[in-house]
Amino acid sequence: MTAAARAAIALIPLALVAIIRIAAAAEPPTAPPGGTCVECHAGLGGELAKPVEAFTRDVHSQRGLGCTACHGGDPTSPDQEVAMSRAKGFRGAPALRDVPTLCGGCHADVVFMKRYAPNLPTDQLARYVTSRHATELARGNPRAAVCSSCHQAHGIVSTRDARSPVYPTRVASTCARCHARPGGQGPVERWERSVHHAALVAGDLSAPTCPRCHGSHGAAPPGVESVPAVCGQCHPRNMQLFRGSPHLSAFEAGSLSACGECHGHHDILHPDDAWVGVGKGAVCARCHAPDDPGGEAAAKLAADLGGATALLRNAEARVEAARERGMLMTDAQVALEDARQQIVQARTLVHAAYPRQVDEQTRQASVASRKALDLASRAFGEIRYRRTGLLVALVVILVTIVALLLQIRVVDARRRQANAGRR
Amino acid sequence: MRSARSAWRFLDDRLRLEPVVAFLREKEVPRHRLTWAYFFGGLSLFFLAVQVTTGILLLLYYRPTPEAAYESVEFVMTRVEFGWLVRSVHAWSANLMVLSVVVHMSSVYLMRSYGRPRDLTWWTGMLLLAATLGFGFSGYLLPWNTLAFFATRVGTDMVGKVPLVGGSLLRVLRGGEDVSGATLTRFFGLHAAVLPLLAFVLLGLHLLLVQRHNVHVPPSLREEARRRPGIPFLPDFTLRELVVWLIGLALLAALAAFRPWELGARADPFASAPAGIQPEWYFLFVFQTLKLLPARILGVEGELLGLAAFGAAAVLWFLAPVLDRASRRGEPSRTATVVGLAVLLYAAAMTLYAALAGRRS
C-alpha cells in the first residue's frame with residue numbers, strides 16, 4: 001500500500017466527523033411554537049402567564065403547534081398591536097359555543113390529523129353534536145361541557161398520560177366536577193361503591209368508568225333499549241343469554257331496564273347467589289311470586305346454585321385443611337378451579353332463565369368438587385399413614401436408644417469394676 | 001462373625017488400621033459438667049450425613065432450570081415413593097444442621113477452645129460454618145418458589161451494596177442483572193458441586209485436627225476434669241454420641257411427618273414481592289438490623305454501614321485466636337467471654353424480634 005493510500009484511509013474518519021458536524025450545523029434552529037406570544041405573556045405574570053406555563057407541557061406545543069393555531073394573530077411580531085390585530089386574524093379567547101368547532105376544525109379533519117396523529121379518531125365532533133352536552137350548549141347553558149371542560153384548555157396531554165383528566169383513574173372525578181350530587185347520591189359517588197370502581201382501584205385500567213357506558217364525546221344516558229348493548233360490551237355472553245331468554249319480551253313490554261333492573265345502574269355490586277330465587281333479598285322476587293311458574297323456576301335455580309356452591313365451599317375447606325397439614329394439593333386445587341369455573345358458567349346461565357341448563361352446569365361443578373373432596377380424603381389418609389409410620393419409626397428409635405442406654409450402663413459398670421480392681 | 005473378622009483382616013492388611021483403632025481405644029474425652037457441649041460437633045456431622053444422603057436422592061429427580069425446577073420438586077413430593085419424606089428431611093436437616101453448627105461454634109467460643117494449638121481447628125470450623133450458610137442460601141432458591149425467588153433477590157441485593165466490586169459480585173452471583181435461570185444454574189452448581197467439595201476438604205482437616213489435639217477443657221473446669229475419670233472414646237463416648245444422633249433422627253422424623261416442608265407457589269419473576277418477606281432464620285438478625293438502621297448515618301448509606309459492621313464483626317470473630325492472647329496461654333479472659341455472650345445474645349434477640357415482626361406482618 002502506498003503512502004498516499006494510507007493517508008487517504010486515515011482521512012476517512014476525519015471526513016466522516018466533518019460531514020456529521022456540517023450536517024448538524026446545517027439544521028436550522030426551530031422557533032419556539034409560542035413565538036412572541038410566549039415571550040410577552042411569560043413576563044406579564046398572574047392569570048395572563050398561566051396559559052404559557054401550562055402550554056409548555058401541552059401535546060400541541062410538543063408537536064410544534066403554537067398559540068395562533070387557536071387564537072390567531074402574528075407570533076413573529078414583537079409589537080402587541082400588530083401581533084394581536086384583527087388584521088392578522090387574532091381571535092382572542094374563543095367563546096364557549098365556538099370551542100367544539102374550533103377544536104373540531106383540526107380534529108375532524110382526517111387529512112390534517114394524519115400529519116400529527118394518524119391513529120387518533122376524527123369523529124369526536126360528530127359524536128359530540130349527538131351528546132347531551134351539545135344539547136345543553138345549544139340551549140345556551142353556560143355550564144355545558146365542551147372539549148376544554150374535560151381536556152383543559154392549555155395543558156392538554158394525551159389521554160394515555162396518567163396526568164390527563166380523562167385518564168381511566170381520573171375521568172370519574174372529572175365528570176364529578178359537574179355531576180356530583182349532595183348526600184353522596186350522584187352517579188359518580190354511587191359508581192364509587194360499585195364492583196367496577198373496586199376493579200379500577202385494584203389496578204384494572206380497563207374497568208368501566210363513566211365514558212365506557214355513556215360514551216366520551218357523545219356522552220348521553222343510555223336509553224332502556226340500549227342498556228344490554230352497553231353492558232354487553234364487556235359481558236357479551238350474559239347479554240346473548242338475556243336476549244334469548246323469556247325475560248326479554250317481558251322487560252320490553254314493561255319498559256324495564258334490562259341489566260339495571262337486577263344489577264342496579266351506577267352502584268353495581270358484586271352479584272350474590274342470594275339474588276337468585278324468591279327468598280329474602282332475591283331480585284327475582286320483585287316480579288315473581290313463589291308459586292308462579294317463574295318463581296318456581298327461580299327457586300330451582302337458587303337450589304342448584306346453592307347446592308353446588310355449598311359443596312365447593314366444603315371441598316375448599318377440606319383441601320385447605322390438608323394443605324395446612326403440609327400436603328401438596330395441586331391436583332385438588334386444579335379440580336377446585338374447575339368447579340369454580342363451572343359455577344361461574346352456571347351463574348352466567350341464570351341470565352337465560354332456563355333451570356335445565358343451570359342444573360347441568362352445577363352437576364359438572366359438583367363432580368369437580370367431589371373429585372377435590374376425594375383427593376382431600378386421600379390426603380388425610382396419607383397423613384394418617386405418615387403419622388402411623390412415624391410412630392412405628394419413633395418406637396424403633398426409642399427402643400434402640402433404651403438399648404444403647406442400657407449398654408452404656410453395662411459398659412460404665414464394667415469400667416467402674418475394672419477401675420476399683422486396679423485400685 | 002468369622003466373615004467380619006476376615007473382612008477386618010483384609011482391610012487391616014491393606015490400610016494398616018490397627019494403630020488408628022489403638023489410638024481411638026486409648027483416647028479419652030474429659031468428663032465435666034459441660035461435657036454435653038462436645039456432642040454438638042458430632043451431631044452436626046450426623047446432619048451433614050443426612051444432607052448428603054437425601055441430597056443424592058433428590059438429585060435423581062431435580063432439574064435445575066426455571067421451567068422444570070419447581071415441577072421436578074413437586075414431582076418428588078407427590079409422585080415419588082417417600083419423596084415427600086426425603087425432601088422434608090433434607091430441608092429440616094439443613095436447618096437443624098445450621099442450628100447444631102451454631103451451638104457447636106458458640107460452645108467452642110465460650111469455652112475458649114480456639115487458643116493455640118487449636119486455632120487452625122477454629123478457622124477450619126469457621127470456614128465450615130460459612131460453607132453451611134452457603135449451602136442454606138444456595139439450596140433455598142433451588143425449588144424456584146415465590147418465597148425463595150424474592151428472598152434470593154433481597155439477599156443478593158445486599159452483595160451489590162459492597163463498595164467498588166458490589167456490582168461485579170452481584171452479576172457473578174446472579175449470572176446477570178436480576179435473579180433468573182442463570183442464577184438457578186449457578187446456585188445449583190454451588191450447592192451440589194463447589195460447596196460439597198470445599199466442605200469435604202475442610203471437614204477432613206477439621207476432624208483430623210480434633211483427633212490430633214483432642215477436645216479442650218476450659219481452665220475453670222480443669223480441676224473437675226482431673227478429679228473425674230475421662231470417658232473412653234471407644235465405645236463409651238461413641239455409644240453416647242449414637243444416642244444423641246438417634247434423638248436427632250427422631251426429631252427429624254417427627255418434623256417431617258408433622259410439619260412437612262412446604263413447597264409454596266411457583267416463582268413468578270414478574271409478580272410483586274410478597275408482603276413481609278424475610279430470609280431464612282439464620283440470616284434474620286442481619287436482616288432485622290439493616291431494617292432498623294436509618295437510611296443515612298453520617299452521610300453514608302445506613303445499610304452499607306450495617307453490612308460493613310457485620311463484615312468487620314465476622315472478621316474479628318474469625319480472628320479470635322489471634323486477638324484473645326490469654327487463650328494462647330490457657331488463661332481465663334473475662335473480656336472475651338463478655339464479648340462472646342454479648343454477640344450471641346444480640347443475634348438471638350434480634351432473630352426473635354425479626355421472627356415476631358414477621359409473624360405480625
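Letters go in sequence order (proteins before strands), and every chain restarts at 1. Excluded from the calculations below are hydrogen atoms, water molecules and symmetry mates; all remaining heavy atoms, backbone and side chain alike, are included.
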Is there any N or O donor on one of chain B and chain A with an acceptor on the other under 3.5 Å, and could you list each such pair with its distance?
| unit_1 | atom_1 | unit_2 | atom_2 | d |
| --- | --- | --- | --- | --- |
| B:Glu74 | OE2 | A:Thr330 | OG1 | 2.8 |
| B:Arg79 | NH2 | A:Asp331 | OD2 | 3.2 |
| B:Asp236 | OD1 | A:Arg415 | NH2 | 2.5 |
| B:Asp236 | OD2 | A:Arg415 | NE | 3.2 |
| B:Asp236 | OD2 | A:Arg415 | NH2 | 3.3 |
| B:Arg240 | NH2 | A:Asp412 | OD1 | 3.4 |
| B:Arg240 | NH2 | A:Asp412 | OD2 | 2.7 |

Q: Would you list the pairs meeting side-chain hydrogen bond (donor to acceptor under 3.5 Å, both in side chains) in which at least one residue belongs to residues 43-52 of chain B, sequence neighbours left out?
A: B:Ser44-B:Ser100, B:Gln51-B:Ser93
(Q) Quick check on the interface: out of B:Pro235, B:Pro229, B:Ala256, B:Ala250, who has the most heavy-atom pairs with chain A under 4.5 Å? (A) B:Ala250
Q: Go through the atoms of A:Leu394 and report whether side chain, backbone, both or neither lie under 4.5 Å from a heavy atom of chain B.
A: side chain
Q: Please look at A:Leu328 and chain B and tell me whether the side chain, the backbone, both or neither of the residue comes under 4.5 angstrom of a heavy atom of that chain.
A: both
Q. How about B:Tyr140: does its OH atom have over 12 heavy atoms from other parts shown lying under 6.0 Å from it?
A. yes
(Q) For the CG atom of B:Leu242 and the CG atom of A:Leu405, what is their distance to the nearest 0.5 Å? (A) 10.5 Å
Q) At their closest point, which heavy atom of A:Ile397 faces which heavy atom of B:Leu246, and how far apart are they? A) CG2-O, 3.5 Å
Q | Interchain contact, B:Leu85 with chain A, by part (heavy-atom threshold 4.5 Å) | A | neither
(Q) Under 4.5 Å from any heavy atom of chain A, what part of B:Phe82 do you find: side chain, backbone, both or neither? (A) side chain
